[in-house]
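What you see is a predicted model; the values in this text were computed from it and never measured.
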Amino acid sequence: MRARLTVVALIGSLWMVPSMSRADTAAGQLVYNFTYSANQNVQSRDSVNNVEDVNESGSLAAGNNGISHYGGSLTDKGTMTVNVLRRQPDGALVVMISEQGENLRRASPAECVVYGNTHVICDPDKTIYTEEYTLLRFLGGNFVDPTALDANRHWIVTQDSGLDNVHADYTINSDVNGMMQIGEKRSVKESGAGHLTTDVETKVGYDSKRSVPTSVDEYATQYTDGGIKGTSRTIYQTTLSLVSDSVAKQ
């Protein structure tokens with residue numbers, strides 16, 4: 001039995017605000033090519049008790065165990081556009097992000113504020129896809145803060161927002177004239193019913209001179225444990241590649 005894929009965002013610590021002011025003119029534009037896929041497997045118990053059938057003799061015969069399996073997948077590719085509007089006094093970057101997928105993943109421009117510690121605030125009335133948040137959290141101007149690095153060029157980001165607990169480890173694996181390769185290991189745990197857990201491993205190409213990600217390769221596993229009601233596991237894969245940067249020309 002198959003069911004339509006249900007996609008759950010991987011934000012983990014998204015703070016919503018009712019409105020944000022717009023800037024009069026854009027400071028530049030970033031354009032990325034993206035690919036996205038999600039594959040979901042659900043094990044659901046339709047009955048608490050095993051199903052039993054009555055055979056021809058009138059006695060009970062063991063039936064199935066009441067567990068059904070569902071699955072679904074979703075893929076798309078296209079472009080993602082970020083218009084940089086302004087930088088706030090606290091260092092946060094105000095942007096408009098939109099997505100133009102070849103199939104279903106299409107989102108109109110939405111205003112967001114991104115911080116160097118991967119915090120993201122977006123217009124709650126707009127549709128913003130999981131892969132857009134993947135890019136947004138690396139756009140903050142001080143994402144790589146030299147003062148926060150330890151001797152192994154490593155730093156940690158922790159966030160608690162509502163029911164979500166986020167722990168992320170970052171390591172600069174190489175740095176050639178400011179062109180960095182950064183590894184991310186990120187865990188998002190949501191308390192309450194369902195025990196939602198997301199584990200993320202990401203490789204980020206990063207231009208520290210321009211404070212902009214040049215490539216992102218993310219692999220995320222999201223797991224929900226509903227106990228006797230069943231479980232759900234979804235694997236998300238997202239890649240991003242910078243193809244145009246007019247911000248650098250400003």
Side-chain angles (χ1 to χ4, degrees), residues 1-12 14 16 22 26-42 70-85 93-114 118 120-140 143 181-182 184 186 188 198-207 210 212-224 232-249:
M1 179 179 286
R2 295 182 62 82
R4 183 176 61 187
L5 176 70
T6 301
V7 178
V8 181
L10 306 177
I11 296 71
L14 170 63
M16 296 297 191
R22 294 283 304 275
Q29 186 181 83
L30 303 168
V31 180
Y32 291 82
N33 286 338
F34 80 89
T35 65
Y36 171 84
S37 69
N39 293 279
Q40 185 178 65
N41 289 289
V42 179
Y70 307 85
S73 62
L74 175 67
T75 63
D76 207 349
K77 63 181 180 178
T79 59
M80 201 176 295
T81 302
V82 179
N83 288 310
V84 179
L85 304 181
L93 201 65
V94 183
V95 303
M96 294 289 290
I97 188 168
S98 61
E99 181 172 307
Q100 305 80 38
E102 293 184 358
N103 298 315
L104 298 175
R105 312 291 280 188
R106 298 175 184 174
S108 58
E111 188 169 350
C112 298
V113 181
V114 294
T118 72
V120 179
I121 302 173
C122 288
D123 185 343
D125 296 323
K126 298 290 187 178
T127 297
I128 304 167
Y129 288 119
T130 301
E131 58 272 23
E132 291 181 277
Y133 283 115
T134 294
L135 174 60
L136 284 168
R137 73 174 188 266
F138 300 123
L139 288 178
F143 167 60
Q181 291 296 321
I182 301 172
E184 176 195 50
R186 181 181 181 91
V188 182
T198 305
D199 293 315
V200 184
E201 290 195 16
T202 312
K203 298 177 182 178
V204 183
Y206 192 80
D207 186 337
R210 292 185 289 154
V212 62
T214 57
S215 65
V216 179
D217 188 349
E218 178 185 87
Y219 184 92
T221 302
Q222 191 171 71
Y223 182 75
T224 303
S232 172
R233 183 184 297 273
T234 307
I235 296 175
Y236 302 89
Q237 291 183 273
T238 302
T239 66
L240 294 149
S241 177
L242 181 65
V243 294
S244 176
D245 179 5
S246 67
V247 180
K249 300 176 182 179

For the pair R137 and E218, evaluate salt bridge (charged side-chain N to carboxylate O under 4.0 Å, His left out) and give the outcome as yes or no after the intermediate values.
-> CA-CA 12 Å; R137 73 174 188 266; E218 178 185 87; 2.9 Å; yes
Can you confirm whether [X] sits close enough to [Y] that some side-chain heavy atom of one is under 4.5 Å from a side-chain heavy atom of the other?
| X | Y | result |
| --- | --- | --- |
| I128 | C112 | yes |
| Y236 | V200 | no |
| N33 | K77 | no |
| L135 | T238 | no |
| T127 | S108 | no |
| L240 | E131 | no |
| L139 | L30 | yes |

Look only at the side chain of [X] and the backbone of [Y], and say whether a donor-acceptor pair between them is shorter than 3.5 Å.
| X | Y | answer |
| --- | --- | --- |
| Y32 | P213 | yes |
| T214 | G205 | yes |
| R233 | Y223 | no |

Hey, can you tell me if F138 and F143 have their rings parallel, tilted or perpendicular (30° and 60° cut-offs)?
-> perpendicular
Can you name the ring-ring contact (aromatic ring centres under 6.0 Å, His included) partners of F34, sequence neighbours left out?
-> none
Verify side chain to side chain contact (heavy atoms under 4.5 Å, CB included) between V247 and V212, making sure each step is shown before the conclusion.
-> CA-CA 10 Å; V247 180; V212 62; over 6 Å; no
Non-neighbouring partners of D76 that pass salt bridge (Lys or Arg N to Asp or Glu O under 4.0 Å), sequence neighbours left out = none
Taking every heavy atom of Y206 against every heavy atom of G140, the minimum-distance pair comes out as OH-O, 4.0 Å
Partners passing side chain to side chain donor-acceptor pair (under 3.5 Å) against S98 (at least two apart in sequence or in another chain) | Q100
